[in-house]
Amino acid sequence: MLIGPYTGIDLRTLIVVALLFVVAESISTSVSAGGKAGISPSSAVSLAAVVLVGPVGAAVVGFASCLAVRRQEAVKRAFNGAQFALAAYVSGHVYLMCGGVVGELGREDFPAVVLPYAAAVLTHSVLNSLLVAILLGTLGQARRRGRGRFNWRPLAAVELSSMGYQMLGLAIAAVWGGVGVIAPLLVLLPLFIARWAFAQQADEVRAHEATLATLCQAVETKDYYTRGHCMRVAEGAAMIARELGMSAERVQKIRYAGMLHDIGKLGVPTKVLQKTGKLTDEEYAAIKLHPTRGYEIVREIGFLDEALAGIRHHHERLDGRGYPMGLVGMEIPESARVISVADVFDCLTSTRSYRQAWSVEDAIVELRACAGTQFDPRMVEALVRAVEREGWETPDIAEAPGGCYGSAEAEAAAARDAARDGSEPEAEPAPAAPADGEALPVPAESAAPTTALPTGTATGGRER
């Protein structure tokens, strides 16, 4: 900007476009979970500046981002201003090199100007992505997942959405000569209205998420060893759904089902959930009711929709030996088949009071061994592909306050409970990894006698 040159730039146009850029930059739209990344209509104004005032003028307009009305630290403002200025300056030169003309466009400039403008949009997006990726990498925000592959999805979502805005910059430049300052309003006003509607919907979704998260906390407060389990199952279920190519709306519904799949445990006596010894048949029967109770608790929540079936039937098995209804094969709703795999996978890879966590690799072996009898093979393989690509974070050891995982006290507690029940204490299984096709060892305090479980059953938790 210091180098210039500023010859031939209309000062009035430059000031008006810069002011419009500041206004647009002050209004962003979240496009990623948690609102950590967003876009604004300012990118359209920035590209319109490339056409109207050239590379140097566009750089000035971009640097005006520092004046955006936002709560930001000075270093963030400086980065954003420099980023927009560099991207606009380089895009402007690419636009000129491809034969673009600077100034108010006329009918005779079309369609020849479209190709240079498209090149400028592409350059702007690539340079923005590069600068943001360098920033995130430097700050350690862009972690590598799975097999060392960079997590490009959030950044790609931002840039693809931004490119849609940028293409409108040509429309602004095209009508500028006829209506002047009103041109951006004519083009961007519908976007502002759409953004407002989108923001209302996003607020509603966040309210839904907060409500469901509160219900999850209620379950985890009652059953300590499921701490974080509901949210991890929700993430695993969403990974499977996305891998199967489901629509974003269905992915969200299945994610909701994952969050609430154990909500029925609120209707199970706390002493049963927290019991360290062997469960009686009556206690096991109480636990088996939790899918139905969960459905009864949340069935009036209208936005759950397909999630209700996932909550009610996530303990069904393909061979018909599941509960609560003993459904067979494809009678089991698809959402429930997804939740079932994600549920057991997280149970296997989590440390519980009766065993240590399995490795992701051993858990996958066990899921594959039970595919076709307990799990839908499609869901298992979808989870495997998603985990190989994105990775899976296993939780830390979850030991209840005053707990005694793996100690003599834990064995003594189990022995006391067994003696109280009038039976001999059973030895805890060694946390050895399963061989291919071998059933997961059932802990002594597992629900119901071991003989009640068919061979090849993956038991991820005591409710199985």
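Index from 1, following the sequence.
Ile240 contributes atom CD1, which lies 10.5 Å from atom CD of Glu235 (distance to the nearest 0.5 angstrom). With values rounded to the nearest 0.5 angstrom, Leu130 atom CG is found 10.5 Å from Leu86 atom CG. Note that CD of Gln252 and CG of Asp305 are 12.0 Å apart. Values are rounded to the nearest 0.5 Å. Interatomic distance, Cys230 SG to Asp343 CG, rounded to the nearest 0.5 Å: 9.0 Å. Taking OG1 of Thr349 as the reference point, atom CD of Glu393 lies at 11.5 Å (rounded to 0.5 Å). Here the OG atom belonging to Ser359 is positioned 10.0 Å from the CG atom belonging to Leu348, to the nearest 0.5 angstrom.
Side-chain contact between Val94 and His124 is absent, with no heavy-atom pair separated by less than 4.5 Å. In this structure, the side chains of Leu244 and Met379 come closer than 4.5 Å at one or more pairs of heavy atoms. Here the side chains of Leu318 and Phe375 are not in contact, with every heavy-atom distance at 4.5 Å or above. The closest side-chain heavy-atom distance from Asp346 to Trp392 is below 4.5 Å. Side-chain contact between Ile364 and Phe345 is present, with at least one heavy-atom pair separated by less than 4.5 Å. Contact annotation: the side chain of Phe303 approaches that of Leu212 to within less than 4.5 Å [non-hydrogen atoms, C-beta and beyond]. Considering only heavy atoms from C-beta on, Ile301 stays 4.5 Å or farther from His208 through its side chain. Looking at Arg337 and His313, their side chains never come closer than 4.5 Å, going by heavy atoms from C-beta outward.
Between Tyr117 and Ala48, the shortest heavy-atom contact is OH-N, 4.4 Å. When all heavy atoms are compared, the tightest approach of Gln166 to Ser43 is CG-CB, 3.5 Å. Of all heavy-atom pairs spanning Val251 and Ala241, the tightest one is CG2-CB, 3.8 Å. Between Ala237 and Ala342 the shortest heavy-atom distance is N-CB, 3.6 Å. Of all heavy-atom pairs spanning Phe21 and Gly62, the tightest one is CE2-O, 3.6 Å. Ile287 and Val272 make their closest contact through CG1-CG1, 3.8 Å (heavy atoms, listed as atom of the first residue, atom of the second, distance).
Side chain of Ser91 to backbone of Ala87: a donor-acceptor contact under 3.5 angstrom is found. The closest donor-acceptor contact from the side chain of Glu25 to the backbone of Ala68 lies at 3.5 Å or more, if one exists at all. Proximity of a side-chain donor or acceptor of Thr373 to a complementary backbone N or O of Cys370 within less than 3.5 Å is detected. Side chain of Tyr256 to main chain of Ala307: no donor-acceptor pair is present (N/O by atom type, distance under 3.5 Å, no hydrogens or angles). Distance alone, capped at 3.5 Å, places no donor-acceptor pair between the Ser340 side chain and the Ala336 backbone. Using modelled atom types, one side-chain atom of Glu316 and one backbone atom of Gly326 make a donor-acceptor pair closer than 3.5 Å.
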Next on the checklist: Test side chain to side chain contact (heavy atoms under 4.5 Å, CB included) on Leu170 and Leu47; report intermediate values, then the result.
Outcome noted: CA-CA 7 Å; Leu170 186 59; Leu47 268 294; over 6 Å; no
Checklist entry - What do the steps show when you test Glu73 against Phe79 for side chain to side chain contact (heavy atoms under 4.5 Å, CB included), and what is the final call? => result CA-CA 10 Å; Glu73 299 174 2; Phe79 175 84; over 6 Å; no
Next on the checklist: For a side chain to side chain contact (heavy atoms under 4.5 Å, CB included) check, start with the C-alpha distance between Val233 and Ile339, then their side-chain angles and the critical distance, and finish with the verdict.
Outcome noted: CA-CA 7 Å; Val233 172; Ile339 300 300; 4.3 Å; yes
Checklist entry - Stepwise, does the side chain to side chain contact (heavy atoms under 4.5 Å, CB included) test hold for Arg255 with Arg242? => result CA-CA 11 Å; Arg255 185 169 177 273; Arg242 284 193 296 266; over 6 Å; no
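In this view, Leu115 satisfies the side-chain contact (heavy atoms from CB on, under 4.5 Å) rule with no residue, not counting sequence neighbours. The side-chain contact (heavy atoms from CB on, under 4.5 Å) test applied to Glu306 returns Arg250, Lys253, Ser335, not counting sequence neighbours.
Between His261 and His315, the gap from one ring centroid to the other reaches at least 6.0 Å.
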